[in-house]
J.: 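Shown below is the structure under consideration.
Being a predicted model, the structure only gives us computed values, none of them experimental.
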Amino acid sequence: MSGGDRPGTGHRTDGGVASEIDRIAELAKRRGFFIQTASVYGGVGGFYTYGPQGTPLKDSITDSWRDLFVTRQGNMEVDAPTVMPEAVFDASGHLDTFDDMILECPGCDGSHRADHLVEDNTDIDEAESLPPAEVGEIIADNDIVCPTCGVALAGEPVEEFNLMFETNIGPGTASPGYLRPETAQGIFVDFPQLAEYARNQLPFGVAQVGRAYRNEISPRKALVRVREFSQAELEQFIDPETDEPPLDRVADVTLPLYAARQQEADDGGVKSLTVQEAVDSGVIESDWIAFYLGLARDWYESIGVDMDRFRYRQHLPGELSHYAADCWDAETEIGGDWVEVTGFAYRGSYDLDKHADHSGESFSVFKQYDEPVTVERPTVDPDMSELGPAFGGVAADIADALAERAGRDPDAFAGETVTVVVDDERYDVPVEHTGFAVEEVTESGEHVTPHVVEPSFGLGRLVYTVLVHAYREDQVDGDDRQYLSVPPAVAPTTVGVFPLMDRDGLDEYAREVAGQLRSAGLSVTYDEAGAIGRRYRRQDEVGTPFCVTIDYDTLEADTVTVRERDSTDQRRVPTAELAETLGLLRDGDLLFDEL
RNA sequence: GCGCCGGUGGUCUAGUGGUAGGACAUGAGCUUCCCAAGCUCAUAGCCCGGGUUCAAUUCCCGGCCGGCGCACCA
């Protein structure tokens, strides 16, 4: 029944979908997947605590991500602070671009982005960078009215709202700090050291799993939009000229692509292309983006995302962030809405350039050529003892201009004099005083500022997706059943162990088996309370894929029954082989039907 | 942030100007040889603050939280 009730594209608000979401929300609360934080004090919007089931589920997904995107790719992982000084976000652009100017309409109480109003009604393009007071004046001067109700907005205050949580580092307010709105900057600011650890060899990747914070105006929809969330990010640093991803490893993976041109055509349909086809046809421009879309697609499936409710959507040109050249979002369908669970952005050298500019440090790597190359380089060595007396105070500027001219236009030095312009004044300099020469220089490499390809995963949204996509209802022997069909590898608990009866030694035996399985590294729940069917259902609700029951035959023949969650089928397995068998089942190296 | 609606045990709910009833779940016991059976008992609740009132879970105001719509989502 997994794919049978799949909604189409677009939004649905009918009761079937909504009530399914309600039942999942009820299950999540009741069984401890996630709970509202500090509810005894009335709760606080946009903050959730992962409960006893949600935490291992989230951890499993995180571990699986780390295994694929860090360990198996040979990437590094770091763990940066969540608080960073102001300079970091000044450089990254978050201080400006995260700072919205809100203006409330006195007529309809609607709130609008003041900078957008200015951009829409004047020929000013970047009102975002103007001070709020000036934006307010522009609105008054241009008689801008509310786009909703038409009331004049002149004189209304423009309020600032920054999505970053602000704090102070140390006593007083002299050193403001911010909770990071994304984990990425923690990697970028330490790029010089990280490049050193990578022995300056491009390409290399740096991953980070951690919390990020955004003071959202309006948190919504459980884990979808929250104020504190977990990201798993990978910053892949590449030489854009030469580095190629190992595309052959994912060339045949089929991607459900919803490209910008399809969105603009508004046909609503995704197009399935293999990674290779998408690259060859130019639908995906960057091979690196294509590589990660391929790698991630199979990963999503492995953690339990329903691939019939999944797509890769390309950002529309107007939607792209200030830093991104191309961006694809992985989206999953939750309750009729498409939710971004991952952004795959080609960030170019934007971030490293910004931090280089603001810090004055070098954010490039020296890339050695295979063989040193000899180039002819025009140079100057001005004779300042001649230039000084001749040109006085501007002599130093003239020397700089000569050096610049030599690099750009060496032919200018062919005659008796060379003319340079400094501050709109022309100066004729005798070539013999410039020290002009063409030297043969051996270059062993060049400085390259890497480009960045960034897959950024929202772990909470993925946890929520897996819950929603795994949720099933069916009937067993005429009774309704709810269960979570999560893959065994990510299930919060791998196996439930029950004595058929809590007496006759069955309970002692079952406790012993549970202990053995725990010692073997399995995640085990022991339960002897209530009828056997009730215990199966308890485990079904939290997605436990296998249950082991110790019965009277166990005492005779030393075999137990293993019951599978989705099918409710049972097989007998020798107790001695139990731990190994369950380990294989969990890791997908053995199928239940093969027992 | 604005608008509409809502907030009763762990969960889902009934109801009320005189402080609350059910179902499920949970715990103990009995029963039970593989899928939420039955019986007994038990635990557990009116979001917060202010106002009106002899009396407020109930009515009014504000807050907090949630759902939906708008806006926002670098």
J.: So that I know where these two stand, are A:Phe344 and A:Tyr292 an aromatic pair - ring centroids less than 6.0 Å apart?
T.: no
J.: Without hydrogens or angle criteria, can the side chains of A:Ser39 and A:Gln36 be said to hold a donor-acceptor pair below 3.5 Å?
T.: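 Judged by distance alone, the side chains do not pair up.
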J.: Looking only at atom C1', what distance separates B:G21 and B:A71, rounded to whole Å?
T.: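 Straight-line distance between the two C1' atoms is 43 Å.
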J.: Partner of B:C2 by Watson-Crick or G-U wobble geometry, both contacts under 3.5 Å, or none?
T.: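 Because both required distances fall under 3.5 Å, B:C2 counts as paired with B:G69.
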J.: Could you tell me how far B:G66 sits from B:A25 if I compare only their P atoms? Round to whole Å.
T.: 29 Å
J.: Return the nearest nucleotide to the side chain of A:Lys29; candidates are B:U32, B:C72, B:C12.
T.: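 Closest of the options to the side chain of A:Lys29: B:C12.
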J.: Against the six-membered ring of A:Tyr350, is A:Arg347 placed for a cation-pi contact (under 6.0 Å from the centre, within 45° of the normal)?
T.: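 Not satisfied by the 6.0 Å and 45° rule.
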J.: Got a donor-acceptor pair under 3.5 Å from the side chain of A:Asp551 to the base of B:C33?
T.: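 There is none.
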J.: Using the C1' atoms only, state how far B:C24 lies from B:G9, rounded to an integer number of Å.
T.: 12 Å
J.: For A:Asp337 and B:C68, give me the distance from atom CG to atom C1', rounded to whole Å.
T.: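 These atoms are roughly 11 Å apart.
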J.: Once you measure the plane-to-plane angle for A:Tyr300 and A:Phe310, does it fall in the parallel (<30°), tilted (30-60°) or perpendicular (>60°) bin?
T.: tilted
J.: Please work out if A:Asp480 contacts a base, only the sugar-phosphate, or nothing of the nucleic acid, heavy-atom cut-off 4.0 Å.
T.: base
J.: B:A42 and B:G10: how far apart are their C1' atoms, nearest whole angstrom?
T.: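 Pairwise C1' distance, B:A42 against B:G10, rounds to 16 Å.
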J.: Out of A:Arg511, A:Arg503, A:Arg538, A:Arg535, which one pairs with A:Glu528 under the salt bridge (Lys or Arg N to Asp or Glu O under 4.0 Å) rule?
T.: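 Between A:Glu528 and the candidates, salt bridge (Lys or Arg N to Asp or Glu O under 4.0 Å) is satisfied uniquely by A:Arg511.
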J.: Suppose we define a pair by two distances each less than 3.5 Å, Watson-Crick or G-U wobble; what does B:A23 pair with here?
T.: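 Base-paired to B:U11.
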J.: Confirm from the modelled atom types if A:Arg225 and B:C72 form a donor-acceptor pair under 3.5 Å, side chain to base only.
T.: yes
J.: Check if the side chain of A:Arg220 and the base of B:G69 share a donor-acceptor pair of N or O atoms closer than 3.5 Å.
T.: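 Between B:G69 and A:Arg220, which were checked side chain against base, a qualifying N/O pair under 3.5 Å is present.
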J.: Please name the nucleotide paired to B:A36 by Watson-Crick or G-U wobble geometry with both distances under 3.5 Å, or report none.
T.: none
J.: What protein N or O atoms touch nucleotides 26-29 of chain B N or O atoms at under 3.5 angstrom, if any, and at what distances?
T.:
unit_1: B:U26; atom_1: OP1; unit_2: A:Arg538; atom_2: NE; d: 2.6
unit_1: B:U26; atom_1: OP1; unit_2: A:Arg538; atom_2: NH2; d: 2.7
unit_1: B:U26; atom_1: OP2; unit_2: A:Arg534; atom_2: NH1; d: 2.9

J.: Find out whether A:Asp553 and A:Arg572 are in side-chain contact, i.e. whether some heavy atom of one side chain is under 4.5 Å from a heavy atom of the other.
T.: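 A side-chain contact exists here, since the closest heavy-atom pair is under 4.5 Å.
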J.: Indicate, with a heavy-atom threshold strictly under 4.0 Å, whether A:Asn162 touches base, sugar-phosphate, or nothing.
T.: nothing
J.: Could you tell me whether the side chains of A:Thr549 and A:Tyr536 share a donor-acceptor contact shorter than 3.5 Å?
T.: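 The answer is yes; a qualifying pair exists.
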J.: A:Phe47 or A:Arg481: which one's nearest nucleotide on RNA chain B is closer to the 5' end?
T.: A:Arg481
J.: On a whole-Å scale, what distance lies between the C1' atoms belonging to B:A44 and B:A20?
T.: 13 Å
J.: Distance check, P atoms only: B:U40 and B:G22, in whole angstrom units.
T.: 13 Å
J.: Below 6.0 angstrom between ring centroids: does that apply to A:Phe188 and A:Phe363?
T.: no
J.: Within the 4.0 Å heavy-atom criterion, would you say A:Ala28 contacts the bases, only the backbone, or no part of the nucleic acid?
T.: nothing
J.: Any Lys/Arg nitrogen of A:Arg481 or A:Asp474 sitting under 4.0 Å from an Asp/Glu carboxylate oxygen of the other?
T.: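 Judged by the 4.0 Å cut-off on N to carboxylate O distance, A:Arg481 and A:Asp474 do form a salt bridge.
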J.: Reckon A:Asp479 touches a base, only the sugar-phosphate, or nothing at all at heavy-atom distances under 4.0 Å?
T.: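 Touches sugar-phosphate only.
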J.: I need the single residue from A:His94, A:Met84, A:Lys354 that forms a side-chain contact (heavy atoms from CB on, under 4.5 Å) with A:Gln185. Which is it?
T.: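 Between A:Gln185 and the candidates, side-chain contact (heavy atoms from CB on, under 4.5 Å) is satisfied uniquely by A:His94.
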J.: In terms of side-chain heavy atoms, does A:Arg313 have a donor or acceptor partner in A:Gln263 at a distance below 3.5 Å?
T.: yes
J.: For the side chain to side chain donor-acceptor pair (under 3.5 Å) test, which of A:Gln570, A:Glu564, A:Arg565 pairs with A:Ser567?
T.: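 Per the side chain to side chain donor-acceptor pair (under 3.5 Å) rule, the option paired with A:Ser567 is A:Glu564, out of A:Gln570, A:Glu564, A:Arg565.
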J.: Taking the side chain of A:Arg30 as heavy atoms from C-beta outward, which of B:C72, B:U11, B:C35 is closest to it?
T.: B:U11
J.: Which residues in residues 36-46 of chain A have a heavy atom closer than 4.0 Å to any atom of RNA chain B?
T.: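 Contacts with RNA chain B under 4.0 Å: A:Gln36, A:Gly42, A:Gly43, A:Val44, A:Gly45, A:Gly46.
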J.: B:U8 and B:G1: how far apart are their C1' atoms, nearest whole angstrom?
T.: 30 Å
J.: To the nearest Å, give me how far apart CD (A:Gln570) and C1' (B:C35) are.
T.: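 Checked: the CD to C1' distance equals 8 Å.
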J.: Roughly how many Å apart are B:G50 and B:A56, using the P atom of each and rounding to a whole number?
T.: 12 Å
J.: Could you check whether the side chain of A:Glu216 and the base of B:C73 have a donor-acceptor pair of N or O atoms closer than 3.5 Å, going by distance alone?
T.: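 Absent.
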J.: Think A:Lys221 has a side-chain N or O under 4.0 angstrom from the OP1 or OP2 of B:G66?
T.: no
J.: Considering heavy-atom distances to RNA chain B, does A:Tyr48 or A:Ile532 have its closest nucleotide positioned more toward the 5' end?
T.: A:Ile532
J.: Considering only heavy atoms and no angle criterion, is a donor-acceptor pair shorter than 3.5 Å present between the side chain of A:Ser218 and the base of B:C72?
T.: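 By the distance-only test, no, there is no pair.
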J.: What is the pairing partner of B:U53, taking Watson-Crick or G-U wobble pairs with both distances under 3.5 Å in any strand?
T.: none
J.: Quick check for you: among B:C35, B:G1, B:C33, whose closest atom lies nearest to any side-chain atom of A:Met501?
T.: B:C33
